[in-house]
Amino acid sequence: MGQAFRDQSQPPTPEAIAEVLGDTDAAWQEALDAFANAGVDVAWRYYRDGGWLAKATRGKATMAWMSVEPGLARITFYFPARLRETVLASPDLDDTLRERVATTAPTGKSLPVTLRLPDVPTSQVPIVLELKQRLR
């Protein structure tokens, strides 16, 4: 279906996000809590080529990009592609996520690690976030 928030004049509100996500909103809220607990700021910004995307930052470093689709939230972390094996070696990665990391093609020199909520347990958010903060 694609990104739910494309109208530049209407930024996503918590109420609109909850409506679009439906049952997935609880997982979205847990993910936001994981970012807040790690001292990561999340801010929505409008991009002409992608609509409204949430950028998660800690200081000047981008931790993740997030978007909302009907019933689905995407959180994408970008790692240097050379660190794929290091990411895969994390003992706490969910098997579904591990398989995605193993088979995802790099984007240039970056390896996108995308968590699709609710397909991946929200318990994976702080695990991947910690990897992102540690592996640079």
Got more than 12 heavy atoms from elsewhere within 6.0 Å of CD, E19?
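For E19, atom CD is not crowded (no more than 12 foreign heavy atoms under 6.0 Å).
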Around N37, counting heavy atoms of other residues, nucleotides and ligands shown, do more than 12 lie under 6.0 Å from its CG?
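Yes, the 6.0 Å shell around CG holds more than 12 heavy atoms from other groups.
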Find out whether [X] and [Y] are in side-chain contact, i.e. whether some heavy atom of one side chain is under 4.5 Å from a heavy atom of the other.
X	Y	answer
P112	T104	yes
T122	L117	yes
L131	F77	no

Considering non-hydrogen atoms only, spot the tightest contact between L97 and Q124 and give its length.
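The answer is CD2-OE1, 3.8 Å.
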Which atom pair, heavy atoms only, marks the closest approach of A73 to L21?
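Answer, listing the atom of A73 first, then L21: N-CD2, 3.9 Å.
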Under the side chain to side chain contact (heavy atoms under 4.5 Å, CB included) test against V128, which residue among T114, L93, D94 passes?
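Passing option: L93.
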Only distances under 3.5 Å count here; give the side-chain donor-acceptor pairs of residues 50-65 to other protein atoms, sequence neighbours excluded, each with its distance to 0.1 Å.
residue: W52; atom: NE1; partner: D7; partner atom: O; Å: 2.9
residue: R58; atom: NH1; partner: Q133; partner atom: OE1; Å: 3.4

Under a 4.5 Å side-chain heavy-atom rule over Ile, Leu, Val, Met, Phe, Trp and Tyr, are F35 and L72 clustered together?
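Different clusters.
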Group every Ile, Leu, Val, Met, Phe, Trp and Tyr by side-chain heavy-atom contacts under 4.5 Å, then state whether F5 and W28 land in the same group.
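In one cluster: yes.
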Check the pair V120 / R100 against side chain to side chain contact (heavy atoms under 4.5 Å, CB included), numbers first and verdict last.
CA-CA 11 Å; V120 171; R100 276 197 200 135; 3.4 Å; yes
Any side-chain to backbone donor/acceptor pair from K132 onto Y78? Under 3.5 Å, distance only.
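The answer is yes, because a donor-acceptor pair under 3.5 Å joins these two groups.
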Between T24 (side chain only) and G71 (backbone N and O only), is there a donor and an acceptor less than 3.5 Å apart?
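Looks like yes, one N/O pair under 3.5 Å.
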Considering residues at least two apart in sequence or located in another chain, which fulfil the side chain to side chain donor-acceptor pair (under 3.5 Å) criterion with R74?
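Applying side chain to side chain donor-acceptor pair (under 3.5 Å) to R74 gives E69.
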Hey, mind stepping through V125 and L115 against side chain to side chain contact (heavy atoms under 4.5 Å, CB included) and telling me if it holds?
CA-CA 8 Å; V125 174; L115 285 69; 3.8 Å; yes
In sequence, state the C-alpha distance, the side-chain angles, and the governing distance for V87 and L135, and then conclude on side chain to side chain contact (heavy atoms under 4.5 Å, CB included).
CA-CA 9 Å; V87 172; L135 301 175; 4.1 Å; yes
What do the steps show when you test L88 against R98 for side chain to side chain contact (heavy atoms under 4.5 Å, CB included), and what is the final call?
CA-CA 6 Å; L88 287 170; R98 186 181 310 282; 3.7 Å; yes
